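Everything numeric here is computed off the predicted structure, so don't read it as measured data. All chains are named by letter (A, B, ...) in the order of the sequence lines, taking the proteins before the strands, and each is independently numbered beginning at 1.
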Amino acid sequence: MPNRIKLNPRHQKIYSIVCEIPKGCVSTYGDIARFAGYPRCARLVGVALRSAPDDLNIPWHRVINAQGKISFSKGSDKAQIQQQRLEEESVVFMSGVVNLRQYGWAGNIDKDLWQM
DNA sequence: GCACTGACTCCCA
DNA sequence: ATGGGAGCCAGTG
């Protein structure tokens, strides 16, 4: 990913993590924050993604909250776009909720690798 | 530098 | 299962 844009190291770290999310998978703010090295900074992820320029092509739509839902207000433009993009990646929304057990990227490694 | 806000999360009623 | 409240850390004004 191009890092020509000068941003805070934390943000860049978060961007890197988000970019590592494989297609067809989703992750949560809390998990990404953990991977980035900021266990309690779920909000920071939100701030970072909000500041994320489109130039980087950040797959921010693969980032959802711990409930498996979109953090935006229902009916919000971004929420619509996010869901649509995920569906295009074979991520199925059931009642507006993503099954993290199945699509959760962090979920695959969280149990064994991050169990401490 | 202080105070408020937030694309969050967790716990309890 | 659902709803409400407190905690958390950074960013922004």
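- At whole-Å resolution of the value, CZ in R34(A) and C1' in dC10(B) are 12 Å apart.
- The distance from atom CZ of R50(A) to atom C1' of dT5(B) is 12 Å, rounded to the nearest whole Å.
- Note: the hydrophobic cluster containing V92(A) does not contain V97(A) (ILVMFWY, side chain heavy atoms under 4.5 Å, direct or indirect links).
- The outermost nucleotides of DNA chain C lying under 4.0 Å from heavy atoms of chain A, listed 5' to 3', are dG7(C) to dT12(C).
- For the pair D31(A) and R34(A), the minimum side-chain heavy-atom distance is below 4.5 Å.
- Atom CD1 of I81(A) is separated from atom C1' of dA7(B) by 13 Å (rounded to the nearest Å).
- Base engagement by L49(A) is indicated by at least one non-hydrogen atom pair under 4.0 Å involving a base atom.
- R40(A) comes within 4.0 angstrom of the backbone, heavy atoms only, and of no base.
- The aromatic ring centres of W60(A) and Y15(A) sit 6.0 Å or more apart.
- Distance SG/C41(A) to CD1/I32(A): 13.0 Å, rounded to 0.5 Å.
- A straight line from NZ of K78(A) to C1' of dG6(B) spans 13 Å, rounded to a whole angstrom.
- There is a side-chain donor-acceptor pair under 3.5 Å between Q83(A) and E87(A).
- When the C1' atom of dT9(B) is taken as reference, atom OH of Y29(A) falls 13 Å away, rounded to whole Å.
- Regarding D31(A), its CG atom lies at a distance of 8 Å from the P atom of dT9(B), rounded to whole Å.
- Look at CD on Q67(A): it is 15 Å from P on dA7(B), rounded to the nearest Å.
- The side-chain heavy atoms of F35(A) and W105(A), taken from C-beta on, include a pair separated by under 4.5 Å.
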